[in-house]
Amino acid sequence: MPVILALGAISAGFAGGFIGTGGGIILMFALGLAGDKIEIRDRFALVIAVITPLCLISALIYNKNVDLTSAAPYILPGIIGGAVGALLLCRIKYSWLGRLFAIMVIFAGLCFIL
């Protein structure tokens, strides 16, 4: 299963760098396919730990092509939302986490299509 995780990590990094999103979703799927007995809450936390430095690297590279100051109005609300989401993660039942994740993936897919 290390091959699946390595391919998932490479794909996650590529998606984050190429289209700016989706890396976390790919990594969640890879962790599920790998068959490791990582609880879903721990998977979410692991994905965030991996995606954060990938996003920082992508932002540094994109800085050459995009004025990142336009992101300033979204940073504080994003931090607040991330903190609230992390706190709620510990309170949501396992059975609902998978469902919520699936709904968010479907919603994101529809947003890209429409």
Side-chain angles (χ1 to χ4, degrees):
M1 294 306 158
V3 172
I4 291 174
L5 293 177
L7 291 173
I10 291 168
S11 299
F14 176 78
F18 186 64
I19 58 175
T21 188
I25 294 169
I26 292 170
L27 205 50
M28 280 296 290
F29 291 138
L31 288 169
L33 289 174
D36 291 345
K37 299 298 179 194
I38 301 173
E39 292 186 16
I40 193 163
R41 287 185 183 136
D42 295 336
R43 268 195 244 161
F44 280 112
L46 179 62
V47 166
I48 292 299
V50 171
I51 291 300
T52 299
L54 299 178
C55 290
L56 291 173
I57 291 169
S58 293
L60 289 172
I61 293 170
Y62 282 141
N63 190 31
K64 296 175 184 172
N65 301 319
V66 177
D67 178 18
L68 292 180
T69 58
S70 61
Y74 307 103
I75 293 174
L76 182 59
I79 290 170
I80 293 168
V84 170
L87 292 171
L88 288 176
L89 179 64
C90 298
R91 293 189 164 87
I92 296 175
K93 294 180 181 181
Y94 285 120
S95 61
W96 280 99
L97 285 176
R99 293 178 186 137
L100 289 171
F101 182 69
I103 289 168
M104 290 188 328
V105 169
I106 291 168
F107 178 74
L110 290 173
C111 287
F112 278 110
I113 292 172
L114 302 176

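Here the structure is a predicted model, which means the values were calculated and not measured.
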Q) What are the two closest non-hydrogen atoms of Pro73 and Ser70, and how far apart are they? A)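 Reported closest heavy-atom pair: CD-O, 3.3 Å.
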
Q: Quick one: closest heavy-atom pair of Ile38 and Arg43, and the distance?
A: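 The pair with the smallest heavy-atom distance is O-NE, 3.4 Å.
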
May I ask whether [X] and [Y] are part of the same hydrophobic cluster, defined by side-chain heavy atoms of I, L, V, M, F, W, Y residues being less than 4.5 angstrom apart, directly or through others?
| X | Y | result |
| --- | --- | --- |
| Leu54 | Leu27 | yes |
| Met104 | Leu110 | no |
| Phe101 | Ile92 | yes |
| Leu88 | Ile40 | yes |
| Ile51 | Val84 | yes |

(Q) Checking Leu89 now: which residues fulfil side chain to side chain contact (heavy atoms under 4.5 Å, CB included) with it, not counting sequence neighbours? (A)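 Only Arg41, Phe44, Leu97 meet the side chain to side chain contact (heavy atoms under 4.5 Å, CB included) criterion with Leu89.
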
**Q.** Rounded distance [0.5 Å steps], CD1 in Ile48 versus OG1 in Thr52
**A.**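 Rounded to the nearest 0.5 Å, the CD1-OG1 separation comes to 5.5 Å.
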
Q. So how far is it from Leu60 CG to Cys55 SG, rounded to the nearest 0.5 Å?
A.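 Atom-to-atom, Leu60:CG and Cys55:SG are 11.5 Å apart.
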
Q: Run through Val105, Leu46, Val47 and flag the one making a side-chain contact (heavy atoms from CB on, under 4.5 Å) with Met28.
A: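 Exactly one pass, corresponding to Val47.
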
